[in-house]
There are 2 protein chains.
Amino acid sequence: MARRDIEILERLKAQGHRLTPQRGMVLSAIAGLGGHVGVDQIFQRVREVYPYMDVATVYRTLQLLKRLHLVTEIVTGSGAQYELVRQETDRHHHMVCEQCGTTFDFPASYAESLRGELTRAFGFVAHLDHFTVSGLCAACAGKQGVSTGG
Amino acid sequence: MARRDIEILERLKAQGHRLTPQRGMVLSAIAGLGGHVGVDQIFQRVREVYPYMDVATVYRTLQLLKRLHLVTEIVTGSGAQYELVRQETDRHHHMVCEQCGTTFDFPASYAESLRGELTRAFGFVAHLDHFTVSGLCAACAGKQGVSTGG
DNA sequence: GTTAATGCAAACACTTTGCAGCCGC
DNA sequence: GCGGCTGCAAAGTGTTTGCATTAAC
């Protein structure tokens with residue numbers, strides 16, 4: 001298990017939660033798959049090493065990790081995706097391609113001015129952990145002949 | 001039926017689609033309810049005047065309207081929401097409060113610079129029709145004592 | 001030993017689909 | 001009349017829940 005996972009398990013324990021092998025396996029799966037992963041990907045991955053794993057446990061574990069802000073949830077049209085929360089210095093947001101479904105990252109800095117303006121103008125405190133822009137990625141936009149100017 | 005609805009029905013017809021009472025009722029319901037509405041709200045509203053209405057028809061109609069860019073879909077964690085596409089001059093995006101669930105609008109202009117930067121830096125063509133920021137609205141942030149500075 | 005977490009199955013909410021009959025064109 | 005649209009029912013997908021058993025503490 002990676003250093004990152006153990007660190008997270010320690011935080012679970014510190015908050016009074018039990019440190020079960022299943023939780024460890026879910027974390028390993030997310031870390032191993034890397035980036036943004038769906039529930040089923042995690043589930044299948046864990047099954048490879050522990051065939052008794054149940055989807056409900058995956059969901060429950062993800063809910064817990066989400067509640068503790070250890071993973072981030074990205075709600076797409078077809079099933080949520082999850083990823084490990086990164087270092088403060090590596091904050092980022094998401095661009096989801098409507099065509100091919102791929103999720104891309106962009107540095108949080110790009111959205112900071114928007115965030116500031118929304119707070120200033122409307123008093124709305126944006127949680128940019130859960131911030132997703134949909135559209136067309138460069139490849140798909142190219143295929144469709146979409147101008148990148150408008 | 002409102003002027004706006006008729007206008008939309010005419011566009012349906014112009015594109016070779018049939019102009020059925022059901023479609024008119026769905027449009028009336030969205031317009032009558034105003035703002036961002038869920039499928040079930042639309043369904044119930046139409047049922048009041050036409051008890052034979054089926055949810056499947058509501059879904060099919062919304063898919064059609066979405067495909068023709070006559071309504072906008074907002075994907076939230078629990079069921080999509082829809083609203084009539086507004087005039088070009090009235091484009092806007094959404095802020096959804098995680099606490100109270102209310103959806104607020106903000107003018108599209110606030111997001112234009114972000115949009116431009118994403119295209120410039122990543123070639124990603126953001127569809128800002130489907131653009132939603134989640135966070136805390138002014139009221140809920142106030143209750144929680146959240147600083148609007150960070 | 002307590003109590004939380006798991007595994008299993010069943011329920012749930014939301015959305016889609018197959019198909020016969022109907023109705024806008 | 002033709003073909004798209006509807007109503008109905010059934011299925012599909014993603015997620016949650018009740019409960020007895022298991023295992024972390």
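Just so it is clear: chains get the letters A, B, ... in the order the sequence lines come, proteins before strands, and each one is counted from 1.
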Asker: So, does A/Gln63 get its side chain near the phosphate of D/dT16, meaning an N or O under 4.0 Å from OP1 or OP2?
Answerer: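 It does, given that an N or O in the side chain of A/Gln63 lies less than 4.0 Å from OP1 or OP2 of D/dT16.
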Asker: Base, sugar-phosphate alone, or nothing: which one does B/Ala80 contact when heavy atoms must sit under 4.0 Å apart?
Answerer: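 Counting heavy atoms under 4.0 Å across all strands, the contact made by B/Ala80 is with sugar-phosphate only.
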Asker: Under 4.0 Å between any heavy atoms, over every strand shown, what does B/Val55 touch: base, sugar-phosphate, or nothing? Just pick one.
Answerer: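 Nothing: the residue B/Val55, judged by heavy atoms under 4.0 Å, touches no strand.
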Asker: Ion pair present between B/Arg115 and B/Glu112, side-chain N to carboxylate O less than 4.0 angstrom?
Answerer: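 Salt bridge: yes.
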Asker: Ignoring hydrogens and angles, tell me if any N or O in the side chain of B/Arg47 forms a donor-acceptor pair with the backbone of B/Met53 under 3.5 Å.
Answerer: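 Flag set: sc B/Arg47 to bb B/Met53 pair under 3.5 Å.
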Asker: Dump the intermediate steps for side chain to side chain contact (heavy atoms under 4.5 Å, CB included) on A/Phe106 and B/Leu114, then the final yes or no.
Answerer: CA-CA 11 Å; A/Phe106 67 91; B/Leu114 172 63; 4.3 Å; yes
Asker: Any idea which of C/dT6, C/dC8, D/dC25 is nearest the A/Lys13 side chain?
Answerer: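 Looking only at side-chain atoms, A/Lys13 lies closest to D/dC25.
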Asker: Ignoring hydrogens and angles, are the base of C/dT3 and the side chain of A/Arg18 linked by a donor-acceptor pair under 3.5 Å?
Answerer: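 Such a pair exists between side chain and base.
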Asker: Check whether A/Arg23 reaches the backbone of A/Leu65 with its side chain - one donor and one acceptor, N or O, closer than 3.5 Å.
Answerer: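 Pair absent, no side-chain N/O of A/Arg23 close to backbone of A/Leu65.
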Asker: Kindly indicate, with the supporting measurements, whether the criterion side chain to side chain contact (heavy atoms under 4.5 Å, CB included) is fulfilled by B/Leu27 and B/Leu70.
Answerer: CA-CA 10 Å; B/Leu27 280 170; B/Leu70 298 174; over 6 Å; no
Asker: Less than 4.0 angstrom between a side-chain N/O of B/Gln22 and OP1 or OP2 of D/dG7, yes or no?
Answerer: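 Yes.
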Asker: Expressed in angstrom and rounded to an integer, what is the separation of A/Gln81 atom CD from D/dG14 atom C1'?
Answerer: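 Nearest whole value for this atom pair: 14 Å.
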Asker: Choosing from C/dC14, D/dC25, D/dG7, which nucleotide comes nearest the side chain of B/Tyr59?
Answerer: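 Side chain of B/Tyr59 sits closest to C/dC14.
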Asker: Classify the side chain of A/Arg60 and the base of C/dG7 as holding, or not holding, a donor-acceptor pair under 3.5 Å.
Answerer: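 Counting by modelled atom types and ignoring angles, a donor-acceptor contact under 3.5 Å is found here.
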Asker: Measure from the side-chain heavy atoms of B/Leu19 and tell me the nearest of C/dG7, C/dT17, C/dG24.
Answerer: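 Of C/dG7, C/dT17, C/dG24, C/dG24 is nearest to the side chain of B/Leu19.
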Asker: Quick one: are B/Gln15 and B/Arg67 in side-chain contact, heavy atoms under 4.5 Å?
Answerer: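 No. Closest side-chain heavy atoms not under 4.5 Å.
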Asker: So B/Tyr52, base contact, sugar-phosphate only, or nothing? Heavy-atom distance under 4.0 Å.
Answerer: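 B/Tyr52: backbone/sugar contact only, no base atoms under 4.0 Å.
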Asker: Check the phosphate of C/dT6 against A/Thr20, side-chain N and O only, distance under 4.0 Å to OP1 or OP2. Yes or no?
Answerer: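 True: A/Thr20 side-chain N/O within range (under 4.0 Å) of C/dT6 OP1/OP2.
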Asker: Using five pairs at either end of the helix from C/dG1-D/dC25 to C/dC25-D/dG1, determine the angle between the two local helix axes and round it to 10 degrees.
Answerer: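 Here the local axes at opposite ends form an angle of 40°.
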Asker: How many whole angstroms separate atom CZ of A/Arg67 from atom C1' of D/dT16?
Answerer: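 About 13 Å, once rounded to whole Å.
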Asker: Side chain to side chain contact (heavy atoms under 4.5 Å, CB included), that's the test. Do A/Thr20 and A/Thr61 meet it? Break it down for me.
Answerer: CA-CA 10 Å; A/Thr20 68; A/Thr61 301; over 6 Å; no
Asker: Mind checking if A/Arg23 touches a base, just sugar-phosphate, or nothing, with heavy atoms under 4.0 Å?
Answerer: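 If one applies the 4.0 Å heavy-atom cut-off, A/Arg23 turns out to touch the sugar-phosphate alone, with no base involved.
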Asker: What is the distance, to the nearest angstrom, from the CD atom on B/Gln41 to the P atom on C/dA13?
Answerer: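 Value for this atom pair: 17 Å.
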Asker: Look at the side-chain N and O atoms of A/His17 and state whether any lies under 4.0 Å from the OP1 or OP2 oxygen of C/dA4.
Answerer: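 So the side-chain polar atoms of A/His17 never come under 4.0 Å of the phosphate oxygens OP1 or OP2 of C/dA4.
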